[in-house]
K.L.:
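Supplied in C-alpha cells, the structure appears directly below.
Just follow the structure's listing: the first ligand is 1, and inside any ligand the first atom is 1. Below, each value reflects all heavy atoms present in this structure, side chains not excepted, and no hydrogens, waters or symmetry copies.
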Amino acid sequence: MTIRLALASDHGGFALKQTLKTSLGTLDVDIVDLGVNTADAVDYPEKAHDLSETILSKKADLGVLICGTGIGVSIAANRHPGIRAALCTDPFMARMSRAHNDANILCLGGRVVGPGLALEIVSAFLEGAYEGGRHARRLEKIDLK
Ligand code: RB5
C-alpha cells in the first residue's frame, strides 16, 4: 500500500522540505504538501498543528515536520493526543522511533541536517515498523489520565 506522507515546514525548514519533496518523488509515497510555499517567516506551531490534524484525521499516514532545529515543531505536535512526534538526527533514531515508539511524525532541523542525511533519515523512518508487544504497554502510559 502506498504511504501517504504529509510534509510541512516553517521558513527555517522550507529549503529542506522542497529538497525532500523532490527526492521522495522517486519513492513509492504519495506526498501531501502542507506548505510553506515560500521562505517568508511563519510561526512554526501553525504548521505543526496543521500536520498533526492531517494525521489525526487520517488524511495522511505519516508526516515529516521541519523547522530550523526541529525542536519547536516537535514540542507543538506532541501537544496533540495521538501524535507521537520524534525529533531525529540520524537514521537509527528514525528507525527506532517507528519500531519502539510507533512515531507518526518525524521532525527534522533544516539548519541541523544536510539534505543527504535528511533523506537517509526519512527513508529509515518510512522503512521502520512498529514492533508492538512490550512497547504497546509503554505507549499506553504516555498520555496522562
Ligand atoms: C525560526 O527562526 C526558528 O525559531 C524555528 O524554525 C525553529 O527552529 C524553532 O524551534
Side-chain angles (χ1 to χ4, degrees), residues 2-131 135-136 138-145:
T2 303
I3 293 175
R4 296 168 303 163
L5 182 68
L7 304 180
S9 75
D10 74 351
H11 53 291
F14 173 61
L16 180 57
K17 178 178 72 69
Q18 297 306 102
T19 301
L20 285 176
K21 188 176 170 186
T22 303
S23 307
L24 290 167
T26 63
L27 300 182
D28 187 24
V29 288
D30 284 340
I31 302 287
V32 181
D33 185 355
L34 301 176
V36 295
N37 298 312
T38 74
D40 294 344
V42 63
D43 296 336
Y44 62 81
E46 295 176 13
K47 306 313 296 179
H49 296 321
D50 284 352
L51 191 137
S52 297
E53 284 160 14
T54 296
I55 300 293
L56 291 170
S57 63
K58 303 193 185 305
K59 294 185 185 120
D61 304 304
L62 296 170
V64 177
L65 264 175
I66 315 170
C67 64
T69 59
I71 296 170
V73 287
S74 63
I75 292 172
N78 279 314
R79 291 296 178 105
H80 294 259
I83 291 297
R84 291 172 299 280
L87 172 55
C88 299
T89 54
D90 65 49
F92 176 76
M93 293 174 75
R95 190 170 295 106
M96 294 303 283
S97 78
R98 294 291 308 286
H100 286 194
N101 311 112
D102 197 19
N104 44 19
I105 295 179
L106 168 67
C107 299
L108 296 172
R111 297 169 183 158
V112 178
V113 293
L117 177 57
L119 185 58
E120 288 194 15
I121 295 170
V122 175
S123 298
F125 185 75
L126 294 174
E127 288 163 11
Y130 179 48
E131 292 175 1
H135 303 297
R138 294 164 185 165
L139 290 189
E140 280 171 17
K141 292 183 177 180
I142 289 177
D143 287 330
L144 301 174
K145 305 287 180 232

K.L.:
Could you give me the CA-CA distance, side-chain angles and deciding distance for Leu119 and Leu24, then say whether side chain to side chain contact (heavy atoms under 4.5 Å, CB included) is met?
P.N.:
CA-CA 8 Å; Leu119 185 58; Leu24 290 167; 4.0 Å; yes
K.L.:
According to salt bridge (Lys or Arg N to Asp or Glu O under 4.0 Å), does anything in residues 13-29 pair up with another residue at least two apart or in another chain? List the pairs.
P.N.:
Lys17-Asp33, Lys21-Asp33
K.L.:
Please check if the side chain of Lys47 supplies one atom and the backbone of His11 the other of a donor-acceptor pair under 3.5 Å.
P.N.:
no
K.L.:
Starting from atom 2 (O) of ligand 1, which protein heavy atom do you reach first, and at what distance in Å?
P.N.:
Arg111 NH1, 3.4 Å
K.L.:
Has Asn101 got a side-chain atom pairing as donor or acceptor with Ala103's backbone, closer than 3.5 angstrom?
P.N.:
no
K.L.:
Return the residue, atom name and 0.1 Å-rounded distance of the protein heavy atom closest to atom 1 (C) of ligand 1.
P.N.:
His11 NE2, 3.6 Å
K.L.:
Check ligand 1 against Gly68 and write out every atom of the ligand that is under 4.0 Å from a heavy-atom position of the residue.
P.N.:
5 (C), 6 (O), 7 (C), 8 (O)
K.L.:
Can you tell me which residue pairs pass the ring pair (Phe, Tyr, Trp, His ring centres under 6.0 Å) test with a partner in residues 87-130, sequence neighbours excluded?
P.N.:
His100-His135
K.L.:
Spell out, as yes or no, whether a donor-acceptor pair under 3.5 Å connects the side chain of Asp10 to the backbone of Asp43.
P.N.:
no
K.L.:
Looking at atom 7 (C) of ligand 1, what's its closest protein heavy atom, distance included?
P.N.:
Cys67 SG, 3.4 Å
K.L.:
Write out the residue and atom name of the closest protein heavy atom to atom 10 (O) of ligand 1, then the distance separating them to 0.1 Å.
P.N.:
Gly72 N, 2.9 Å
K.L.:
Starting from atom 8 (O) of ligand 1, find the nearest protein heavy-atom neighbour and note its residue, name and distance.
P.N.:
Thr69 N, 3.0 Å
K.L.:
Looking only at protein heavy atoms, identify the closest one to atom 5 (C) of ligand 1 and say how far it is in Å.
P.N.:
Asp10 OD2, 3.2 Å
